Amino acid sequence: HARKSHWATSRRCVCGRRRPDPSRLALVGSCRLRQGNAVPPHRGHTETLAAIEHAQALATTRPGQTEAVRELGEGWVAEEALAISLYCALCAEDFESGVLLSVNHDGDSDSTGAITGNLLGAIMGVESIPSRWLAPLELRDVIEAMADDLATVREWRVGEYANSPDSDFYCERYPGA
């Protein structure tokens, strides 16, 4: 069963600017960066919102500084990891510079790197990842196939369409799912 790649569809979300547009990072979970009164009140959101606002302010006043990353914390708790990642994504000139800034600190750098990479990948597209980072990636073809499948899961004709080619294909690819 031949599946067409949906990477091209994913690339349509690319912002097309050298720097990520901060408005592209506006939605973070159920919390929004403050734009007027756009932040819905949720119990227990104050620490996370404060961390997001701090990251946004630092990205505006002190972009791309390792000292600013340190000021946001070490990333061992969720709001710090999110703040560091947002800061690095907002300051990034490109995918590589954003991820490198996010992992070069003494804290939970694997988490902040993963979050930053996800944000920048969503904003800039898969083609923004340096090819020298992708070349040695183990199981790259499997990862790309899973990413493609994840991007198209809503289109799968499975379940009530148990006898469809999609159902056969995906049941074979993901046994036990």
Side-chain angles (χ1 to χ4, degrees), residues 5-7 9-33 42 44-45 47-60 62-154 174 177:
S5 174
H6 291 273
W7 287 112
T9 305
S10 302
R11 283 190 211 119
R12 284 188 220 143
C13 298
V14 175
C15 69
R17 295 184 178 90
R18 192 158 184 220
R19 276 185 176 235
D21 178 355
S23 67
R24 298 272 185 179
L25 297 176
L27 282 176
V28 181
S30 63
C31 206
R32 296 176 191 245
L33 293 174
H42 291 287
H45 78 286
E47 288 179 348
T48 302
L49 180 59
I52 290 170
E53 290 175 337
H54 192 195
Q56 187 179 23
L58 287 175
T60 302
R62 295 171 40 205
Q65 297 180 10
T66 55
E67 299 80 25
V69 172
R70 267 189 240 112
E71 189 175 317
L72 292 167
E74 293 185 337
W76 298 113
V77 293
E79 62 270 11
E80 288 179 4
L82 177 60
I84 291 168
S85 301
L86 284 171
Y87 172 80
C88 294
L90 288 168
C91 296
E93 292 291 332
D94 54 33
F95 186 92
E96 183 174 356
S97 67
V99 172
L100 288 176
L101 182 61
S102 73
V103 298
N104 284 301
H105 62 87
D106 293 330
D108 191 6
S109 57
D110 58 332
S111 295
T112 56
I115 297 167
T116 303
N118 278 284
L119 291 170
L120 291 174
I123 294 167
M124 297 177 171
V126 68
E127 66 277 358
S128 67
I129 302 170
S131 59
R132 69 182 186 285
W133 289 8
L134 294 173
L137 184 62
E138 289 183 42
L139 299 172
R140 178 179 176 184
D141 57 333
V142 174
I143 294 167
E144 287 178 346
M146 290 180 75
D148 187 56
D149 290 348
L150 183 59
T152 62
V153 70
R154 290 180 177 250
Y174 302 107

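Here the structure is a predicted model, which means the values were calculated and not measured.
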Hits for salt bridge (Lys or Arg N to Asp or Glu O under 4.0 Å) against R132, two or more places apart or cross-chain, chain-then-number order -> E96
For the residue pair [X] and [Y], establish whether any side-chain heavy-atom pair is separated by less than 4.5 Å.
X    : Y    : answer
L119 : S85  : yes
I52  : T48  : yes
L101 : V69  : yes
F95  : E127 : no
L58  : H54  : yes

Let me confirm one number: the [atom1]-[atom2] distance from [X] to [Y], rounded to the nearest 0.5 Å.
X    : Y    : atom1 : atom2 : result
D94  : I129 : CG    : CD1   : 12.0 Å
L120 : I115 : CG    : CD1   : 12.0 Å
I143 : D148 : CD1   : CG    : 13.5 Å
L100 : T66  : CG    : OG1   : 12.5 Å

Short side-chain to backbone donor-acceptor contact, S128 and G125, under 3.5 Å: yes
Check: T112 side chain, S102 main-chain N or O, donor-acceptor pair, under 3.5 Å: yes
According to side chain to side chain contact (heavy atoms under 4.5 Å, CB included), who are the partners of S111, at least two apart in sequence or on a separate chain? D108
Which salt bridge (charged side-chain N to carboxylate O under 4.0 Å, His left out) pairs, counting each pair once, include a residue from residues 68-88, with sequence neighbours left out? R62-E71
Apply side chain to side chain donor-acceptor pair (under 3.5 Å) to T60 and list each qualifying residue two or more places apart in sequence or on a separate chain. none
Please name the pair of heavy atoms, one in [X] and one in [Y], separated by the smallest distance, quoted to 0.1 Å.
X   : Y   : answer
L86 : A55 : CB-CB, 4.4 Å
P63 : Y87 : C-OH, 3.4 Å
A92 : G98 : CB-CA, 3.6 Å
I84 : G75 : CD1-N, 3.7 Å

Side-chain atoms of residues 133-142: list all donor-acceptor pairs with protein atoms under 3.5 Å, sequence neighbours left out, distances to 0.1 Å.
unit_1: R140; atom_1: NE; unit_2: E144; atom_2: OE2; d: 2.9
unit_1: R140; atom_1: NH2; unit_2: E144; atom_2: OE2; d: 3.4

